[in-house]
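Contents: one structure, followed by commentary.
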Number of protein chains: 4
Amino acid sequence: MAPRTPIQLEKVRAKSRTKIINAAIELFARKGYHATSISSIAAKAGIAKGLLYHYFKSKSELLDEILKNSLSEVDEPMQALMMPGDPVDKMALLIESTFAMVQSDIKRWKLLVSIMTQYEVLIRIRKIFSKMMQGYLEIFEHLFKEMKVPQPKLEAYRLAATIDGVMLHYIYYLPDGYPLEEIKNEIIQQYAKYRKKKK
Amino acid sequence: MAPRTPIQLEKVRAKSRTKIINAAIELFARKGYHATSISSIAAKAGIAKGLLYHYFKSKSELLDEILKNSLSEVDEPMQALMMPGDPVDKMALLIESTFAMVQSDIKRWKLLVSIMTQYEVLIRIRKIFSKMMQGYLEIFEHLFKEMKVPQPKLEAYRLAATIDGVMLHYIYYLPDGYPLEEIKNEIIQQYAKYRKKKK
Amino acid sequence: MAPRTPIQLEKVRAKSRTKIINAAIELFARKGYHATSISSIAAKAGIAKGLLYHYFKSKSELLDEILKNSLSEVDEPMQALMMPGDPVDKMALLIESTFAMVQSDIKRWKLLVSIMTQYEVLIRIRKIFSKMMQGYLEIFEHLFKEMKVPQPKLEAYRLAATIDGVMLHYIYYLPDGYPLEEIKNEIIQQYAKYRKKKK
Amino acid sequence: MAPRTPIQLEKVRAKSRTKIINAAIELFARKGYHATSISSIAAKAGIAKGLLYHYFKSKSELLDEILKNSLSEVDEPMQALMMPGDPVDKMALLIESTFAMVQSDIKRWKLLVSIMTQYEVLIRIRKIFSKMMQGYLEIFEHLFKEMKVPQPKLEAYRLAATIDGVMLHYIYYLPDGYPLEEIKNEIIQQYAKYRKKKK
DNA sequence: AATGAATGAGGTTTCATTCAT
DNA sequence: AATGAATGAAACCTCATTCAT
């Protein structure tokens, strides 16, 4: 009959929060933010409507929370660059890990894309995204320079577009049977010719 | 105050419809379908709320109408293929006209993308889109075969992805200063080597 | 089938607004602002809940509107002072008209009192009230000086308090059989001795 | 961690109750009963929300409790009358102690007034108040008769109104610089002329 | 005694749609 | 064709109260 310990409480809290967030991601991604009602999130999470407001101040804060988490993951692929080695290998690794990231959590990416293509409202989010994109472009360009690709800047834009386009198609248009692996390999392959020869 | 002639009536009708549709495209594209209210559309169109229902049975039918119009335009670039000539040229033309189409009506494309990334509901629309995409892929593949590009099917997927990715970036991420022209030329250029030599 | 004329519209609007405002005054006065639900107002007014928001942006704006109207009436008794004549008569008139004002619309005054005794929130309203009170005090003092009442300022405070106290008792504590007229006359009577003698 | 003795327990209970009641008075008085949430009371009292329900069955019972306590204090001034002596002195004492009561606990009185001006619901409370008022009126009348004031009943009403009016102004309208003492003395003073001459 | 997570009824507000003119 | 008042379902959110620990 004693109150729960802080650790017990934290566990309970974490469990409920997770249930809510997962339900929200699923529904936001599938039907869009506005078309998803708090009721439906609560129902899917198996909790009472009121509890949701115990954990999140509002619907929009719930979204914010999810987006913040999602975007924080995005920087991870960048780590690939710290390593020494042939830029072609680094580029390959970068592309691989980027694709892997999306493949591992399609729902989250669906949500991100749908949010990105939506709000003039969520300017803050868009800014984060823009910066991230800028980061990618710079790294691509840097590697292309190392690889002696002609027009490295333009090639960076093109690669970024190709990757996002593939993702888009993979996620939305043709979820069944999209030859993701083959295309990924193609993309990586095209830079093979820039590999430095070993002596 | 004599009754208007049928022709005048028809004109009035067309004008009102156009005003409504334009207002709707603008708002749907900017704020999303659900976040846009009928009131705001009517206000932007400069008509009374009630009148909107004379022209469109419901909000969703208004959307449908817009989407139908938008998608019908998409087929036009395909015409380029009927012409005889070097497939490299045809491909270039196809790419050019596709880009031109988006550039000429960004709002419409923003709307299309935002819808595409949204509804499990609008399955019908998604089907149309899928078919369209399929069409593009087939034509690309066909041309690549003519051009003797190795792995024509894969290359078709890649090109489609690149084009959509570029559009996406152009429309959303970096609206200012996106080097659309240069990238477009790059994309076209890469196939120049497959041009048939004239005798 | 032509749309209503502006005049017709204004009539309809005024009718609905009045219905809503009357219902709101009644309920706010009886149960307090917070304890009164929008639903109950709409029900009492005989309209749909949604319509209320057609006329008032929010519950609190509805209250504001009512208060503004109510407070604007308050200045009227002051007119009594412009007239020439014995200050004792003017005072009598002022007291009479103040009481009459409350008697003629008890519900409104109940509401005003309940609001005044409630919100730290509605600071704006309280300021208006304070100023009004100040105005009364000054006029009372002015008349008392003319009447050569000793300690005119203090007497002003006392009269103001007595009047508000009588109102309070009349409105709340003992609505049945409260001897309002007699008390009013008593209050007026006590200043008779300051009447100037005619030559 | 030995179990507490019953006496310790009782102390703890009393302390918690007091904390809750004080928090509640403060908040009810400031924001009104309905606008004050149980959460905010618990927060201000520094306890958990659930605990509040160990001490009070419901929010409304908590209010009841406070009101009961508050009203029980009101009878105390009446004691002054048992004493022998000049009725003018007794009246003076009665007025003094009544004012003192309010001055010593403004918050409580704010609450009482706001409650009184609010609920048709709390009829029971209003009845108590009415009875109390009746009691005051009778005592006033009784003293006025002893003092040979003409129209003692009417004068009783007027005095009661003046006192409540002064309180009201003191509590709400003009908290800063309200000349409470002077007015009180004025009120007392006006009855000086009815003092019996000593032989 | 004490905690705070959890519930659910009910509150305010929005908005697609209908209706009378 | 055109208007805008009116409706009512459903959205978001609050909060008194209960419950498990």
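Throughout, a chain's letter reflects where its sequence line sits, starting with A, and its residues are numbered from 1.
Looking at which nucleotide of DNA chain E each of C:Tyr53 and B:Ser37 is closest to, the 5′-most match is held by C:Tyr53. In terms of position along DNA chain E, the nucleotide closest to D:Leu51 lies nearer the 5' end than the nucleotide closest to the other residue of the pair D:Leu51 and B:Ser39. Comparing C:Ala48 and D:Gly50 against DNA chain F, the residue whose closest nucleotide sits nearer the 5' end is C:Ala48. Annotation: of the two residues near DNA chain F, C:Tyr55 and B:Leu52, the 5′-most nearest-nucleotide partner is B:Leu52.
Residue side chain C:Lys49 does not reach the base of F:dT7 through any donor-acceptor N/O pair under 3.5 Å, judged by distance alone.
Rounded to whole Å, the distance from NZ on A:Lys15 to C1' on F:dA20 is 13 Å. Atoms NE2 (D:His34) and C1' (E:dG11) sit 11 Å apart, rounded to a whole Å. Going from atom CD1 of D:Ile20 over to atom C1' of E:dA2 covers 11 Å, rounded to whole Å. With rounding to whole Å, B:Leu63 atom CG is found 13 Å from E:dA16 atom P. Distance D:Ile41 CD1 to F:dA16 P: 8 Å, rounded to the nearest Å. Counting to the nearest Å, the P atom of E:dA1 and the NZ atom of D:Lys11 are 17 Å from each other. Rounding to whole angstrom units, NZ of residue B:Lys59 and P of F:dA9 are separated by 19 Å. Distance B:Arg17 CZ to F:dA2 P: 13 Å, rounded to the nearest Å.
Residue C:Thr5 is classed as having no contact, given no heavy-atom separation below 4.0 Å to the nucleic acid. No engagement by B:Ser60 is indicated, since no non-hydrogen atom pair under 4.0 Å with the nucleic acid exists. As judged by a 4.0 angstrom heavy-atom cut-off over every strand, A:Thr36 is placed among residues touching the sugar-phosphate backbone only.
Checked against F:dT21, F:dT7, E:dA16, the side chain of B:Ile38 finds its nearest nucleotide in E:dA16. Listed nucleotides E:dA2, E:dA5, F:dA5 differ in distance to A:Arg13; the shortest reach to its side chain belongs to E:dA5. Of the candidate nucleotides F:dT3, E:dA5, E:dA2, E:dA5 has the atom nearest to the side chain of A:His54.
We find the NZ-CD1 distance between C:Lys15 and C:Ile47 to be 12.5 Å, quoted to the nearest 0.5 Å. Atom CD of D:Glu65 is separated from atom CG of D:Leu62 by 8.0 Å, given to the nearest 0.5 angstrom.
D:Glu26 pairs with exactly one of D:Lys19, D:Arg108, D:Lys31, D:Lys107 by the salt bridge (Lys or Arg N to Asp or Glu O under 4.0 Å) rule, that one being D:Lys107.
Looking at heavy atoms from C-beta onward, A:Leu111 lies out of side-chain contact with A:Arg30 at the 4.5 angstrom threshold. Side-chain contact between C:Ile21 and C:Phe56 is present, with heavy atoms from C-beta onward closer than 4.5 Å.
Under the 6.0 Å distance and 45° angle rule, A:Lys110 does not count as a cation-pi partner of A:Phe28.
In this structure F:dA6 sits in a base pair with E:dT17, meeting the Watson-Crick or G-U test at under 3.5 Å. Under the Watson-Crick or G-U wobble criterion, with both distances below 3.5 Å, E:dA1 is left unpaired in every strand shown.
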